[in-house]
Each structure stands twice: as structure tokens, then as C-alpha cells.
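These notes concern the structure reproduced below.
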Amino acid sequence: RRQDVLTVTPWLAPIVWEGTFDPEILDSTYGPLNLTIGVTAFAVGKYTRFVRRFLESAEQHFMRGYLVNYYIFTDSPQSLPPMRLRPGRRLVAVPVQKHSSWQEISMRRMEAINRLVARQGHQEVHYLFCLDIDMVFHNRWGPETLGDMVAAIHPGYFQVPREQFPYERRSSSAAFIPEGEGDFYYGGAVFGGLVRKVYEFTKTCHTTILADKANGIMAAWQEESHLNRHFLSHKPSKLLSPEYIWDDKKPKPPEIRLIRFSTVKKNYKEVRN
Amino acid sequence: RRDVLVLTPWLAPIVWEGTFSRDVLNAQYLQKNLVTGVVTFAVKKYWFFIEGFMASANKYFLAGHQVNFYLFTDCPEKISHLQMAPENHLFVIPVQSGPRWQDTPASRMATVSSYIQRQFQHEVDYLYCLDVDVQLLAHIGVEIIDALVATISSWQSTPEQQGKAQEAPGASPEGAGHFHYTASFYGGSVAEMYELTRACSEGVLEDTENGFGARWHHESHLNRYLLLHKPTRLLSPEYYWEPEL
């Protein structure tokens, strides 16, 4: 039980923090369902260097005991490290084009995920999580995270008043959120849910991203801005606390008892070229 | 709300005043174009409660949204003209009542299950069973709408309840479930309600044949079912308060 943090949203979606759930009860509910959980992650250009640590840590902490498919989108499948995975878990390399800029790559992700789901994802997995590759699992990530549509609270903004959320503020953008509106600031590094919900969500986001492109505008935080716009009008059914989307550069406040998934230190200039 | 538990260990929200925004929830409900039904039984002397129940339910139950009231009764002729809110519908369904009082709650589950299959599933998305001898005193809105919803019994904290040992098949293992639910107000999607009523009617039938009159009749079977199929949302005792307490 947690009294120091918000654990239910005003639309009655649970917010998952350490101490709010009993892993045994959840495992006994979800375990027998024989679920396959999918993970998408993009390792394009120099980002392939993050794959090993991502997968090794996922093997340790992500959905242990469940069937898992890792879909690694990459422009160089040959540079993916050979990995021995636990039984019931497999790696699928999904070829993608390399684009001109990291922003472009980032924006094309929604489309790529959507197409994967349409092509094969919907038959292969029940739930799908879309994660950033330049991150590492440090602690349990289990069925407490499963839900129809799941978003994660951005670590930089969970204790910050709404006016300071970096929503897209230009009304000409399809990701526009006016002042005075907004529930949370969600991070683009983690989202997921039932595979058909992820399909709908990625399709909508891709549409709004294209709309902006046609108008010659790029949202403040690329797809993260569009994700936030979407989740304002179509509220997630479950939220993950920043334990599930941490930034190691930040000092850990007392509310964060456990870090489950966080960024890897990197030189942004170097990897984004 | 920090004074109460708002989330179960399996991450189902527990609905208390102050934990939700009805405006936001109403917007979501309207987006999905949902219809909700209410099932209630008014058998033998309980016909007396119909008028009060329908008056308060029309006023307070999902006010502003379409509600289908399915009223099962053995004396339809005793029902005076009931004023329904314009968006609501009333369906009076005649039933036979059993020779012993215990039969009525027992066969309720079977009746509801059968009606879900042949009628309700085509008319509503969500269905709630309410005891007729209740009066709604404040708004009960779309915060109750979820796949499988049960109300925490206001008897929860009475030591007397916790000490009860039962040998009948309807007995719930003590301590294994965290909550005791009242049979006076529960519901969910028609699919979930079909499974629940079917499972509970079979359990109750078994008890009657074996000669056990399961304590609390169908309430214990309901609780056993909900122990194995955890509700996706719980309603706090605000939603059903036993007046005798």
C-alpha cells in the first residue's frame, strides 16, 4: 500500500508502483493464460550497440516465465549480437530503412510498429510493449504491467505542475495541447497494451505525425508529443510509475523505491550522427 | 484519498468518493455508446419495495444514460404505474416463486444466466444485479462500469463475520481472499455476468441437492467465484451499506 503517491487516476486507471501490487496474485492470474508478450525496440545505425545489454537485462527481468518475442527493428540485422535466450523466448530481426536524421527515424517508429502488428504481430503476441533500446532492465517487469492500453509517466515530469509539461503548444500542430489541459506527461520510451490497441494507437499517432509533416511542422518532442496528445483524448487503462521509465541522470527521490528500467549513459552527439 | 485503500493487490481500483472524476468517466462512457441494464427481483412480500427502488434508481442510477431495468416479479399486477426517466426502459418479467425462501435467491442466478443468454446480451453491454430493498441516496454513476465489479460488504470489519467457518461447498477459505463482497450489488459486462451467474447457479444447485443450505445462500457462492475470478473493479461500502450495522 502506498500513501505517498497517487495510485489511481481520476478515470480509475491504476498507477503501478512498488508496494501497490502482489506479484504472486498477479502471476497466479496471468500465468495460466499462456500469454505471449511482444517487445519492439529500434536499433538503427549506431543504436545497435545497445542491443546486447537491453536483451541480456530483459532476459533477467522482463516477464520471467512468460513467452516473449523480441522484435528488434534494425537497418543492419547482421550486426545484432548472437544471443542465447531462455526457453520460450525468441528474437526476430525486423529490417528497416535508415533515414536521414534521428528525428526522422524516431517519427517513423509508429508506422513501423503498426505495420509489424498488421503483418504478423497480431497473430504472434497477445500484448505488445514498445520500448526504447538504449535502456536497461534492473528489476522485475512483470504482469502488473499488462493492460488494454498502458502508458508510463515520464521521470522528468511526475512531480511537476501541468503548466510545465513540454506538450506541443503550437496550435498548428496535430499534437497541440492547450494550456490548462492534460493529465500526465507520458514518456515515449515506454508504451504498450493489447496488440489490437497498440495497432490502433500507432495508426492514429502515425496519422497525426504525417499531418504535421504535410504542414511542415515537427512537434516539440517528435512522437512523444503525439503520444501525449493521443493519451489525453484516449486515456490509458493503466499507468506505469517512473520506476518503469527512469533516467539514470536524475537523482532518485524517495518516491522511487525501485528502478526497473532506465536509460544507459551515452554521448548523444556521438550516437545521433 | 489517503485514508482508505484505493487499489487491490491485483491492481483493481476501489471506488470511493473522491477517487474519480465523473465528468471524465462520463465522456469515456459516451464515446463508447454503451447501454447498461439492472436486474432486480421483487418476489412475494418484496413487491412492496418496487416503487421506492424504481423512484430512487431512476433518479440516481446512471442518471442521464440509458438504463434498462429488468424487474423479475411474481406479482406483476401489484405494480402501480412506475415513472421512468425518459432515457430508461422497464421490462417486467413474471416469475414463479419457490416454496421456501431459500429457493428464491438460489434460482435467481439460474434465471439471470438464462435471460442473459436469450435476451439481455442483445440489449445491454453491462448488467448489474441489485437487491430491490435498497434506496439509492446519491448518484451512482459510470464509475461502476467495468468488466467484473463487486461491492465490498459493509460487514467486512465485523469480527463475527471473520470467525464464521463453513463446511458447505460454498465456503471460502478464510484469509485467502482479501475482501468479502455483498450479493446485493454486483455486475459487469454481459459476458462476465453470464459466466458468473452460470457458475454460481451450478454451485448453489449442488448445495441444495446435498442438503446444505449454504450460509448466506448465493452470497457465499458469489464470494467463492470472485476469489477465483478477481473483480476488475471494487465498489467501496459507500455503494451498499447494510442498514442494520
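Letters A, B, ... are given to chains in the order of the sequence lines, protein chains preceding strands, and every chain is numbered from 1. Model, not experiment: these values are computed from the prediction. Values below: all heavy atoms of this structure, side chains included; hydrogens, waters and symmetry mates excluded.
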Between atom CG of Leu25(B) and atom NZ of Lys235(A), what is the distance when rounded to the nearest 0.5 Å?
-> 10.0 Å
For residues 122-130 of chain B against chain A, heavy atoms under 4.5 Å, the residues are none
Contact class of Asp146(B) relative to chain A, heavy atoms under 4.5 angstrom | neither
Looking at Leu7(B), Asp23(B), Val142(B), which makes the most heavy-atom pairs under 4.5 Å with chain A?
-> Leu7(B)
Please state whether the side chain, the backbone, both or neither of Arg22(B) comes within less than 4.5 Å of a heavy atom of chain A.
-> neither
First locate atom NE2 of His234(A), then atom CD of Gln28(B), and finally report the distance between them rounded to the nearest 0.5 Å.
-> 10.0 Å
Determine which residues belonging to residues 2-31 of chain A lie within contact range of chain B, meaning some heavy atom pair is under 4.5 Å apart, and list them by number or answer 'none'.
-> Gln3(A), Asp4(A), Thr7(A), Val8(A), Thr9(A), Pro10(A), Trp11(A), Leu12(A), Pro14(A), Ile15(A), Val16(A), Thr20(A), Phe21(A), Asp22(A), Ile25(A), Leu26(A)
Tell me, for Val24(B) versus chain A, whether the close heavy atoms (under 4.5 Å) come from the side chain, the backbone, both or neither.
-> side chain
